[in-house]
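Heads up: the structure comes next, in structure tokens.
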Amino acid sequence: MHSEVALISTVAVSFVAAAICGYLADRLWLPPLVGYLFAGILLGPFTPGFIADSGLAGQLSEMGVILLMFGVGLHFSASELLAVRNIAVPGAIIQILLASLLGIGLSSFFGWGIGAGVVFGLSLSVASTVVLLKALEERNLVNSASGRVAVGWLIVEDLAMVLALVLLPALAEVLGATGTGISGTQLALNLAITLLKVAAFAIMAAYLGPKVVPWLLTLIARTGSRELFTLSVLAIALGIAFGSAEVFGVSFALGAFFAGVVMSESNLSHRAAADSLPLQNAFSVLFFISVGMFFDPSILLREPLAVIGTLLIIILGKSVIALGIVLALRYPIGLGLTVAAGLAQIGEFSFILAGLGVSLKLLPKEGQDLILAGAILSITLNPLIFAAAERLKKTALIKWPIWCDRHGKMKHEKLERELAIIRVAGEERDKKHQQELKQLIETFPLFSQLDKTSREELFLLFRPKSASPGERVIRVGDRGDGMYFIVAGAVEVRLDSGDVPLNAGAFFGEMALLSGGRRTADVVAIDFCQFLVLDRRDFNIFASRYPGLRSAVTTMARERTEMNVSRQKADD
Ligand code: CMP
């Protein structure tokens with residue numbers, strides 16, 4: 001392959017192969033992602049034929065993870081994350097510990113050292129974000145209580161892995177690798193720095209992000225350029241993901257997730273979600289391709305028992321642990337089964353951990369192969385696990401109806417209630433915004449010619465202002481600083497020839513802006529008034545972006561001038 005076009009050929013061949021294999025998988029009643037994995041195996045170095053650049057594919061798949069996590073964040077508010085913390089935090093931590101122990105147990109069976117066992121166990125203990133989200137999406141569970149818990153659980157796992165990735169090199173010597181030369185003090189220092197960085201990241205995400213990101217988005221949306229908006233959404237997502245990885249040492253995925261969460265507070269989050277969705281879909285396909293590419297199918301023949309053991313830990317061990325934790329925390333079995341099924345797979349983090357383990361000479365190459373085999377098989381089998389969980393739930397309901405009904409009922413109801421309150425608050429905010437827009441159109445028929453997005457953009461240009469009866473809003477002879485739309489109340493235009501009343505739905509202050517000259521009359525509020533003001537700069541944007549509106553306003557200004565001239569003449 002020409003190295004100059006490696007990127008293009010990797011993307012092109014991956015998309016083509018994924019599309020074909022995805023379609024074939026669908027025809028065989030298999031989920032398309034099995035097709036993508038298979039396409040990856042075909043393009044990988046372990047099968048004959050075309051070999052794509054696996055390094056590039058890996059990086060591109062990272063883009064998929066970033067965009068996907070960003071998308072989840074967009075639909076996930078910070079309060080929802082807090083609502084599930086009582087189950088997600090202990091659940092994820094205990095599951096990581098127990099699943100790691102299982103991994104260590106299996107690896108000691110292979111005769112590996114404790115270092116290899118720790119890396120192997122940790123790799124098996126974390127689930128893949130991409131796989132979980134696809135599974136939840138397919139079953140329409142992303143917004144359910146179980147879906148929220150599963151995603152929250154995954155976020156905690158993700159945070160734990162950030163620590164693990166930092167600690168691993170530091171602990172490598174203790175765990176049996178040679179030559180890393182890190183002392184105890186150095187280790188404590190590394191840990192403290194990491195914790196500080198994660199804390200700094202959390203503070204940024206909680207306090208600075210929600211102020212800066214929605215503001216930035218509004219600023220861009222006000223320009224009215226659609227492509228600039230889409231670009232900025234992606235820039236914010238990828239920029240925050242990359243920036244947080246560089247500065248705070250957290251994973252790309254976590255950075256992107258929080259970029260989405262802070263953006264979800266904005267009224268523009270729906271547009272941001274719609275804009276980033278196509279890319280999200282395309283790049284998450286590359287994730288599966290790259291998993292397939294790294295997979296060496298010969299391991300299935302070389303080490304069938306080890307593969308089965310690994311798979312059993314991922315699918316059975318982790319599910320049983322997750323279910324046990326959920327039940328012990330007194331949440332219902334249905335929720336436990338969904339979480340268990342969703343997390344009974346491994347993916348991106350496991351590869352990163354395994355890669356690091358090999359480079360630190362902690363994990364034998366064989367361990368990495370087993371992890372890849374475990375990933376590909378557990379991802380492929382995941383739909384079956386979900387089906388089995390569903391089956392189990394039904395059986396439990398039939399066999400122990402009373403227990404199923406009672407166990408965890410209170411906590412589940414409380415969680416559902418909390419999530420519902422949060423959801424309703426979000427919906428109310430959306431509804432209020434939509435109503436404001438609707439009211440705007442009803443009050444000002446002038447705007448009815450605009451499409452939905454243009455109305456949204458126009459709305460962003462307005463600044464609300466109020467006035468009390470008797471207050472002079474515009475003074476004759478002043479320079480024109482803005483144009484006013486009367487939302488409620490009434491004003492009087494004071495002309496030498498007499499007063500002209502203007503009510504809700506009318507506008508004024510356009511003449512000076514159009515002519516670039518001075519105000520032609522005093523305008524005084526005669527009631528409590530609510531205005532929407534277009535400042536001079538925004539008026540110019542408004543006029544150039546919506547020529548139809550500009551000509552309507554110009555016509556009105558001309559009529560008013562003519563009227564004033566003729567009234568003046570009549571007076572004289
Ligand atoms: P401007 O000259 O910027 O400031 C005073 C405003 O009064 C003017 O823009 C018009 O919007 C408004 N105005 C002037 N004459 C009339 C009129 N005859 N009828 C209604 N509004 C008017």
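Order of appearance sets the numbers: ligands from 1, and atoms from 1 within every ligand. Side chains included, hydrogens not; waters and symmetry mates left out as well; all remaining heavy atoms used.
Side-chain contact, S466 with Q530: no donor N or O sits under 3.5 Å from an acceptor N or O. Side-chain contact, N564 with T561: no donor N or O sits under 3.5 Å from an acceptor N or O.
Between D478 and R518 there is no salt bridge, since none of the side-chain N atoms of the basic residue sits less than 4.0 Å from a carboxylate O of the acidic one. No salt bridge links E138 with K134; every basic N to acidic carboxylate O contact stays at or beyond 4.0 Å. For the pair K465 and D535, the salt-bridge criterion is not met [side-chain N within less than 4.0 Å of a carboxylate O].
Nearest-heavy-atom check against atom 8 (C) of ligand 1 across I474, T561, T520 picks out T520. Residue nearest to atom 21 (N) of ligand 1, selected from R560, R519, R479: R560 (by heavy-atom distance). Evaluated by nearest non-hydrogen atom to atom 5 (C) of ligand 1, the leading choice among G477, S515, A557, A521 is A521. Nearest-residue assignment for atom 18 (N) of ligand 1 (options V523, L514, N564, V500; heavy-atom criterion): N564.
Close approach of ligand 1 to A512 is summarised as follows: ligand atoms under 4.0 Å from at least one heavy atom of the residue are 1 (P), 2 (O), 3 (O). Listed by atom number, the atoms of ligand 1 under 4.0 Å from M563 heavy atoms are 18 (N). Distances below 4.0 Å separate heavy atoms of F508 from the following atoms of ligand 1: 11 (O).
Residue-level proximity to ligand 1 for E510 is carried by backbone and side chain together, each with a heavy atom below 4.0 angstrom.
Between F485 and F531, the distance from one ring center to the other does not fall under 6.0 angstrom.
The single protein non-hydrogen atom nearest to atom 7 (O) of ligand 1 is V493 CG1, 3.6 Å, given as residue, atom name and distance. For atom 6 (C) of ligand 1, the closest non-hydrogen atom on the protein side is G509 N, 3.8 Å.
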E562 vs R558, salt bridge (charged side-chain N to carboxylate O under 4.0 Å, His left out): CA-CA, chis, key distance, verdict: CA-CA 6 Å; E562 280 164 10; R558 195 179 323 114; 5.2 Å; no
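Checked against Y484 for a ring pair (Phe, Tyr, Trp, His ring centres under 6.0 Å), the options F539, F507, F508 give a single hit: F508.
The shortest heavy-atom distance from G480 to ligand 1 is not under 4.0 Å.
Residue contacts with ligand 1: L495 is placed with no nitrogen or oxygen under 3.5 Å of a nitrogen or oxygen of the ligand (distance criterion only).
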